[in-house]
Amino acid sequence: MTAAPRNVRLLYFAWVREKIGRDAETVELPSDVVTVSDLVDWLEQRGPEYGEAFARRNVVRAAVDRTHVKPSALLGTAREVAFFPPVTGG
Amino acid sequence: MTAAPRNVRLLYFAWVREKIGRDAETVELPSDVVTVSDLVDWLEQRGPEYGEAFARRNVVRAAVDRTHVKPSALLGTAREVAFFPPVTGG
Amino acid sequence: MAVCVQTDDFDVAAETEKLIGARTDIGAVVTFTGRVREGEGDKRITSMTLEHYPDMTEAEMSRIEAEAHARWPLQATTLIHRVGELRPGEQIVLVIAASAHRQAAFEAAAFLMDFLKTRAPFWKKEMLLNGDSAWVDARETDDNAAGRWG
Amino acid sequence: MAVCVQTDDFDVAAETEKLIGARTDIGAVVTFTGRVREGEGDKRITSMTLEHYPDMTEAEMSRIEAEAHARWPLQATTLIHRVGELRPGEQIVLVIAASAHRQAAFEAAAFLMDFLKTRAPFWKKEMLLNGDSAWVDARETDDNAAGRWG
């Protein structure tokens, strides 16, 4: 039995967006991409711009379906994953 | 050598004023009235209204020349002494 | 720095504008406005009268304000306290604290209120719906609040 | 309860009036206004651009607001955050917390700001007078401030 393809919308903000060079994209996740951390590993193999954006791994934050999560969070059936620097509003 | 007479303006506020029945008076202090506490003792001998105003001794507050003081404060050359309940502004 | 005791109402926006204007060195503005409440529990008040010690009030408020400026890096502060008769819903007191950063503005505004409540010579008398009137008792929580500033 | 993300400026007095109106159960109103500063030390900025994550921002602000209402007895709160390009002296963010007593209003306003600063998805980029631009770094002090609420 093969898992159905998982399409996930990725969003990038602030300097993560600038380093990657786009603000959003839709990707099909391999089945071995289980956590947010796995997703970052997988993205880093796609090109140097991702490597640069995620160079400071512990600095980039993530939200899954618009909720802040830790790198160990499971992607599950997530439809939207966002990556961004620590927030600086207020 | 006799000390010069010390005239002091006394001011009363809130329920201290209401119990004493006036908002201000000028009195000549005997030489043995040295502290704020002495002044209260002396006032209490002047009439029941003072006794009632100062019945809760530790509740009534004082200011000497417009500065909060403790009962043990010296009157010195004070020109104005005010008595009032704990403040309730703000 | 500005300290004022007045019977008239105040306009928080106008006071803020007066304090800050076109300044570009202020990152944080905290305002506190105290208002007359109609009651608590079963008590219902029709009005409140604020008495004060005119010759001492502004001096004490200025001392409180100077103390705040000594403790925190403040760009500007305003303290306004009304006296006379006030009805439920009316404004009583205004504190504005402006600083480069928010922590100083928040702490200074809270400090100013704690000390206004425990040091400035104002007294409130409440006129109750049943015709009685009563001086408001000082709250122990206010002394505790003021005590935390050491 | 009201949460708003907007490019337009806000009017603190109008927002306060909208929140409180003729209510007589509110004894304490604390407002916090954050403003763009021109600089600090040698840095001089000409403008600041605020980016956000539109679909998440209001949801996160509403979560922060609900958390404040769960922690303190609040009568009403307002959270407004601007986005887009802002110049020095302009207002960025407004928090209003209204309660029966001042401690809840002060603490809730400080809490709301601490969590807006560390949870709401906004990012500031500064345009400097020398032509450079730079994303503002998150301040460790903001994380510490948010951490104190346990």
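Here the structure is a predicted model, which means the values were calculated and not measured. A, B, ... follow the sequence lines: proteins, then strands. Residue 1 opens every chain.
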Between B:Asp65, B:Leu11, B:Val59, B:Thr67, the one whose heavy-atom pairs under 4.5 Å with chain C are most numerous
B:Thr67
Heavy-atom distances under 4.5 Å only: say whether C:Arg139 touches chain B with side chain, backbone, both or neither.
neither
B:Ala63 portion near chain C, given a 4.5 angstrom heavy-atom threshold:
side chain
If you tally heavy-atom pairs under 4.5 Å against chain B, which of C:Asp55, C:Thr57, C:Ile92 wins?
C:Asp55
As an exercise: rank B:Arg61, B:Arg66, B:Glu18 by heavy-atom pairs under 4.5 Å with chain C and give me the winner.
B:Arg66
Ring-plane angle category for B:Phe84 and C:Trp123, please: parallel below 30°, perpendicular beyond 60°, tilted otherwise.
tilted
Scan C:Tyr53, C:Trp135, C:Phe122 and name whichever one has a ring-ring contact (aromatic ring centres under 6.0 Å, His included) with B:Phe13.
C:Tyr53
Taking every heavy atom of B:His68 against every heavy atom of C:Arg119, the minimum-distance pair comes out as NE2-O, 2.5 Å
Heavy atoms from other residues, nucleotides or ligands near CZ of B:Arg79 exceed 12 (cutoff 6.0 Å)
no
C:Ala59 versus chain B, heavy atoms under 4.5 Å apart: side chain, backbone, both or neither?
neither
Can you tell me how far the OG1 atom of B:Thr88 sits from the NZ atom of C:Lys117, to the nearest 0.5 Å?
8.5 Å
Out of B:Pro86, B:Pro85, B:Ala82, which one racks up the most heavy-atom pairs below 4.5 Å with chain C?
B:Pro85
Is the number of heavy atoms from other residues, nucleotides or ligands within 6.0 Å of CD (C:Gln103) greater than 12?
no
Where do C:Pro121 and B:Val87 come nearest, in terms of heavy atoms and distance?
CA-CG1, 3.7 Å
Contact class of C:Lys125 relative to chain B, heavy atoms under 4.5 angstrom:
side chain
Mark yes when over 12 heavy atoms from residues, nucleotides or ligands other than C:Glu140 sit less than 6.0 Å from its CD; otherwise mark no.
no
Indicate the atoms forming the closest heavy-atom contact of C:Lys124 with B:Gly90, along with that distance.
NZ-O, 2.8 Å
Does C:Glu51 come within less than 4.0 Å of B:Arg17, counting only side-chain N to carboxylate O?
yes
